[in-house]
2 protein chains.
Amino acid sequence: MNGRHSGRPTLEEVAVRAGVGRGTVSRVINGSPRVSDRAKAAVEAAIAELGYVPNRAARALAGNRTDAIALVIPEPETRLFAEPYFSDIIRGIGAELADTDMQLLLTFIRTPKERARFGQYLAAHRVDGVLLVSVHEDDPLPDLLEQLEMPAVLNGRRSDLESVSYVDADNVGGARAAVAHLFARGRRTVATITGPPDMYVARCRLDGYRQAVEAAGSAGASSELVARGDFTEEGGRRAMRELLVRRPDIDAVFAASDLMAAGARQVLRESGRQVPSDVALVGFEDSAIARHMDPALTSVRQPTEEMGRTMARVLLEEIAERASVRRHVVLTTELVQRDSV
Amino acid sequence: MNGRHSGRPTLEEVAVRAGVGRGTVSRVINGSPRVSDRAKAAVEAAIAELGYVPNRAARALAGNRTDAIALVIPEPETRLFAEPYFSDIIRGIGAELADTDMQLLLTFIRTPKERARFGQYLAAHRVDGVLLVSVHEDDPLPDLLEQLEMPAVLNGRRSDLESVSYVDADNVGGARAAVAHLFARGRRTVATITGPPDMYVARCRLDGYRQAVEAAGSAGASSELVARGDFTEEGGRRAMRELLVRRPDIDAVFAASDLMAAGARQVLRESGRQVPSDVALVGFEDSAIARHMDPALTSVRQPTEEMGRTMARVLLEEIAERASVRRHVVLTTELVQRDSV
DNA sequence: CTGAAAGCGCTAACAC
DNA sequence: GTGTTAGCGCTTTCAG
């Protein structure tokens, strides 16, 4: 015997109690305007008395939707972006969804097999929309989503011409502000440690650096002052060592991630240089680890939680209006000055 | 017109294709043994050809279940426990659920209102089970869960007599090992900074400290050597200052959280003491922030990701067997020695 | 072993 | 405006 009739009230019982038809109850629940105030009141009273809560499954089945959205997390990234970034994004999404009936599903993609499975998942319409974080340029998921006409919002974008909706931080502006800050403080030889060139976010931050260098009317962005990192701490160390060899006269460094800034700082200190008196250092705050590694490290902060909220909001809008209008939002960053450069 | 018939194959179509009845297809899908190999093969072939994926909503409606579990996150905690702890737990849960058809739902509880809403949520059977992290002694949720006979697993426990299933770390053993380590290294006057006494985890760590002190045949756990913190960095600073006033001769400190250890370290350094040469410091790694704050800080590490995996596994078992058998799992901790005390 | 049939609780036409 | 009526796609008896 199946647990038929679990004991909790159904829409039908509410209808009987309120002395109306099921359709009317359904209309009230779904906020249809085509209901008399009288009927509406009766239904609401009945719902309250019975403690009625609609059955999601039934609603999903009949309505051909799920009232759920998926947050896709590519596993390799969580370790790097990890920590605060990740949980801030989730917190933001959760906050935006709190007043909704939308459920947030977490989906990890670790292996190609899981990626394939997620494709099926989407095809099976098991969610109404998808939120994607840390998308790579060669990620096939966004295209799949588009092809399936599944509402989706990325955090960050694959390139300038991103077609899918996205919410991003103003990486160019943030980097420019950081580097301008260094020049304004009297630094002359400002180097940068970049992220992987195949990541759009890394290119943006490099662009910002270059713009600030040009604006400062400096000797121009000497390629000697640009070292490539990979957003990791170890990458930051390597890049910093290179820079020190190529240009021992460096008096400031803009690292395109806080992890790289932390690595660079270690190398600088080992080399006997004082930070920031000898070499000023500014990081881009991706993981907020900077907060803990060095409370005095000036950095460009992204509004991570707000990005999460915005992503959710944009997705909900996209789900609501069937039309596939793409939205592109770029949130400003903030330079948090903590040192005395 | 509603998007009736979304285009993707239904169980019925599979049945036709395989030349069997719907019931048989259902049995194959659900791995019932009462199906002939012949029929099974035909059905599997049809499923593959059609790319059939069962409709969750329909299945949930008919089967009176949801195939989803909720991870409940009390908001105030995420900031403290935050970061790696939080994401490690989630990662572990995700890993365990990967091969299942179970979905992971994230539920934040920020306000009393949301707490009430979650009660309804549970009563409405919108999930098959619940995972709770950072439970407080006075949290009403576990009792509600028990009363509703809803499968549930806690991370940590409210007290020695926890009735609900839980997965916890061996806090007593970890603390004991940490303090024993300090004595073994020749330290004589070992103080401790505790967590709030109304948290079971804090009491366990204090117990571990006391056991080690007694075992070392020390002068006994002088209450002068015990200062109360609240698991925060600021609390660690306050407690450390107190200790320094009461017993300037301290040569080691066991802090019951890494955040407090970080606070203590600051105070020690400001007071001119060298860490660890003058005063050795060991923290309990809750947020793994220690890793970033001071790579050389020895600490007791909890198997966070494994706790997540175990929680999920235990919950799935509890859901599978209708019987309400409680399981209590305590995972061992590990002393990660990073200094040269 | 397997087909047929009866719902699960809700939404969305469709009449009135 | 509102009741009635079909299903949504699946699981689970119940006969055979």
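By convention in this document, chain letters (A, B, ...) are assigned in the order of the sequence lines, proteins followed by strands, and residues within each chain are numbered from 1.
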Asker: Check the distance between D:dC10's C1' and B:E13's CD and give it to me in whole angstrom.
Answerer: 14 Å

Asker: Would you mind telling me which of D:dT4, C:dT2, D:dT11 lies closest to the side-chain atoms of A:R27?
Answerer: D:dT4

Asker: Counting side-chain heavy atoms from C-beta on, which of D:dT11, C:dC8, D:dT2 comes nearest to A:S36?
Answerer: D:dT2

Asker: Please determine whether a side-chain nitrogen of the Lys or Arg among B:K40 and B:D37 lies less than 4.0 Å from a carboxylate oxygen of the Asp or Glu.
Answerer: no

Asker: NA contact type, A:A57, heavy-atom cut-off 4.0 Å: base, sugar-phosphate, or nothing?
Answerer: nothing

Asker: With side chains defined as the heavy atoms from C-beta onward, is the minimum distance between B:L132 and B:L145 less than 4.5 Å?
Answerer: yes

Asker: Do A:R157 and A:D168 sit within salt-bridge range, that is, some charged N less than 4.0 Å from a carboxylate O?
Answerer: yes

Asker: May I ask you to say what B:A15 touches in the nucleic acid, namely base, sugar-phosphate or nothing, with a heavy-atom cut-off under 4.0 Å?
Answerer: nothing

Asker: Can you tell me if B:R56 uses its side chain to pair, donor with acceptor, with the backbone of B:D67 under 3.5 Å?
Answerer: yes

Asker: Could you state the CG-C1' distance from A:D67 to C:dG9, rounded to the nearest angstrom?
Answerer: 14 Å

Asker: In whole Å, what is the span from the CZ atom of B:R38 to the P atom of C:dT2?
Answerer: 9 Å

Asker: Expressed in angstrom and rounded to an integer, what is the separation of A:I29 atom CD1 from C:dA12 atom P?
Answerer: 12 Å

Asker: Which whole-number value in Å describes the distance from A:L61 CG to C:dG7 P?
Answerer: 17 Å

Asker: For DNA chain D, whose closest nucleotide is more 5', that of B:G23 or that of A:G19?
Answerer: A:G19

Asker: Can you tell which of C:dG7, C:dC10, D:dC8 lies closest to the side chain of B:R22?
Answerer: C:dG7

Asker: When you check the gap from the basic side-chain N to the acidic O, do A:R309 and A:E305 get nearer than 4.0 Å?
Answerer: yes

Asker: Strictly below 4.0 Å: does B:S26 bring a side-chain N or O up to OP1 or OP2 of D:dT12?
Answerer: no

Asker: Between C:dT11 atom P and A:D101 atom CG, what is the distance in whole Å?
Answerer: 11 Å

Asker: So, applying side-chain contact (heavy atoms from CB on, under 4.5 Å) with A:S165, which one of A:R326, A:E317, A:M311 is it?
Answerer: A:R326

Asker: In whole Å, I'd like the distance from the CG atom of B:N55 to the P atom of D:dT11.
Answerer: 10 Å

Asker: Do any side-chain nitrogens or oxygens of B:N30 fall under 4.0 Å of OP1 or OP2 in D:dT11?
Answerer: yes

Asker: If you check every side-chain atom of B:R59, which of C:dT11, C:dT2, D:dT11 has the closest atom?
Answerer: D:dT11

Asker: Between C:dT2, C:dG9, D:dC10, spot the one nearest the side chain of B:L11, thanks.
Answerer: D:dC10

Asker: OP1, OP2 of D:dG3 versus side-chain N and O of A:T24: anything below 4.0 Å?
Answerer: yes

Asker: Once you round it to whole Å, what is the distance between P of C:dC10 and CD of A:E12?
Answerer: 9 Å

Asker: Which part of the nucleic acid, if any, lies within contact of B:V20, taking any heavy atom under 4.0 Å across all strands shown: a base, the sugar-phosphate backbone alone, or nothing?
Answerer: sugar-phosphate

Asker: Measure from the side-chain heavy atoms of A:R34 and tell me the nearest of D:dT2, C:dT2, D:dC8.
Answerer: D:dT2

